[in-house]
Amino acid sequence: MIEDNYFSQGNLDTQPGEYRQTTVAVDSFSPNTFGLYNMHGNVGEWVWDYYGAYSLEEETDPSGPSSGTLRVYRGGGWNDFAKNMRSAYRATLAQDKGSFNIGIRLVLNATAGSGSIASAGVQQNTDSSAGGNVLIAYFSWGGNTAGIAEEIQRQTDADLFEITLVKPYSSDYNTVLDEAQRDQNEQARPELATHVENIEDYDVIILGYPNWWASIPMPIASFLEEYDFEGKTIIPFCSHGGGRFGQSLTTIAKLAPDAGIGEALSVCYSGGSSLSDDVSAWLEENGL
């Protein structure tokens, strides 16, 4: 099964290529059989589809729902895992958002002609400004995310809430790597020990987490599935060791499709001496 090879490719006959840690020029490799270059693993590419459930009826080239708040991008970026580069994988974000590893592909008509593209059914639900009651909710393992959350709290005076588990992860780094990978493979929903009793009182949720295996830790999934975020704005921030957001923003958007998503902040490890200024600029960008 493909899940068995999401994170470990040691048992595959064909091994992954070099990890270049950046994008490459489009014509760096040979084209595929359709004459297209770099369809997978360079940058994710926006497509016209809205994200949502496919029809249960048999379809050829399904395009998904006719309207929505999230657009699809495909192909995976240079820092994604193999599972994110499958043709069937749909990543998603609000259409007014961007990321360092998402782009578009410009297409030239095969024959001369004129025409236009019109968009219908766009539902905007992505305004992250205008303040309101703010909650900072975060999950932290090694302390980096907690430190960032505390700096945000210092600058905003917002309520601070730590997401904790009934059965915490191991305090050993190598062990927690395996536990985090296991939970992602199983799409586990760890039981939370802490709960927000008055989530309806908050308009904006600043949501923090470490980048684990290029996505959110599964306790964040438990948190997002516990509450109704319709009409609220989620503003993500993550600590990382070089992978920035990975696919975490897509995962959050899928788990909270009725929430607006603000501009996200990625912080390398604890953020260093620039953390205060970085947080201040980010809060201003989000109207907080």
Give a yes or no on whether the backbone of [Y] and the side-chain of [X] come within a donor-acceptor separation of less than 3.5 Å.
{"X": "Glu263", "Y": "Trp282", "result": "no"}
{"X": "Thr250", "Y": "Ala91", "result": "no"}
{"X": "Asp258", "Y": "Phe229", "result": "no"}
{"X": "Arg244", "Y": "Ser99", "result": "no"}
{"X": "Arg189", "Y": "Gln187", "result": "yes"}
{"X": "Asn198", "Y": "Asp201", "result": "no"}
{"X": "Asn38", "Y": "Asn42", "result": "no"}
{"X": "Thr194", "Y": "Glu162", "result": "yes"}
{"X": "His195", "Y": "Glu197", "result": "no"}
{"X": "Asp183", "Y": "Ala188", "result": "no"}

> What's the verdict on side-chain hydrogen bond (donor to acceptor under 3.5 Å, both in side chains) for Gln247 and Asp80, showing C-alpha distance, side-chain angles and the deciding distance?
Replying inline: CA-CA 7 Å; Gln247 286 287 331; Asp80 289 324; 3.1 Å; yes
>> Under the criterion side-chain hydrogen bond (donor to acceptor under 3.5 Å, both in side chains), I'd like the reasoning laid out for Tyr209 against Ser248: C-alpha separation, chi angles, the key distance, then a yes or no.
In response: CA-CA 9 Å; Tyr209 52 91; Ser248 65; 2.8 Å; yes
> With a cut-off of under 6.0 Å to the ring centre and 45° to the axis, is Arg105 in cation-pi contact with Tyr37?
Replying inline: no
> Taking the six-membered ring of Tyr89, is the NZ or CZ of Lys254 close enough (under 6.0 Å from the centre) and on axis enough (within 45°)?
Replying inline: yes
> According to the interplanar angle, ranging from 0 to 90°, do the rings of Tyr173 and Trp141 count as parallel (below 30°), tilted (30 to 60°) or perpendicular (above 60°)?
Replying inline: tilted
>> For Lys167 and Glu191: C-alpha separation, side-chain torsions, deciding distance, then whether salt bridge (Lys or Arg N to Asp or Glu O under 4.0 Å) applies.
In response: CA-CA 7 Å; Lys167 296 181 179 179; Glu191 184 180 357; over 6 Å; no
> More than 12 non-hydrogen atoms from neighbouring residues, nucleotides or ligands closer than 6.0 Å to OH on Tyr269, yes or no?
Replying inline: no
>> Counting only heavy atoms not in Glu284 (residues, nucleotides, ligands), do more than 12 fall under 6.0 Å from its CD?
In response: no
> Can Leu192 and Thr164 be said to form a side chain to side chain contact (heavy atoms under 4.5 Å, CB included), step by step?
Replying inline: CA-CA 6 Å; Leu192 303 184; Thr164 61; over 6 Å; no
> Are any non-hydrogen side-chain atoms of Ile235 and Leu288 less than 4.5 angstrom apart?
Replying inline: yes
> Under a 4.5 Å cut-off applied to non-hydrogen side-chain atoms, are Arg74 and Asp49 in contact?
Replying inline: yes
>> Pair Val204, Leu135 - check side chain to side chain contact (heavy atoms under 4.5 Å, CB included), show working.
In response: CA-CA 6 Å; Val204 176; Leu135 175 69; over 6 Å; no
In terms of hydrophobic clusters joined by side-chain contacts under 4.5 Å, are [X] and [Y] together?
{"X": "Tyr51", "Y": "Met85", "result": "no"}
{"X": "Met39", "Y": "Ile102", "result": "no"}
{"X": "Leu56", "Y": "Tyr54", "result": "no"}
{"X": "Ile104", "Y": "Tyr73", "result": "yes"}
{"X": "Met218", "Y": "Val176", "result": "yes"}

> How far apart are the C-alpha atoms of Tyr50 and Arg71, what are their side-chain angles, what is the distance that settles it, and do they pass the side-chain hydrogen bond (donor to acceptor under 3.5 Å, both in side chains) test?
Replying inline: CA-CA 4 Å; Tyr50 287 107; Arg71 294 282 191 180; 3.2 Å; yes
> Just one of Val196, Ile216, Leu255 clears the side-chain contact (heavy atoms from CB on, under 4.5 Å) bar with Phe223, so which one?
Replying inline: Val196
> After noting the C-alpha distance and the side-chain angles of Ile136 and Thr156, does the key distance pass the side chain to side chain contact (heavy atoms under 4.5 Å, CB included) rule?
Replying inline: CA-CA 10 Å; Ile136 305 164; Thr156 61; 3.9 Å; yes
> Do the two ring centres, one from Tyr169 and one from Trp212, sit under 6.0 Å apart?
Replying inline: yes
> Between Thr251 and Ser215, does a side-chain hydrogen bond (donor to acceptor under 3.5 Å, both in side chains) hold up when you go through it step by step?
Replying inline: CA-CA 7 Å; Thr251 305; Ser215 190; 3.2 Å; yes
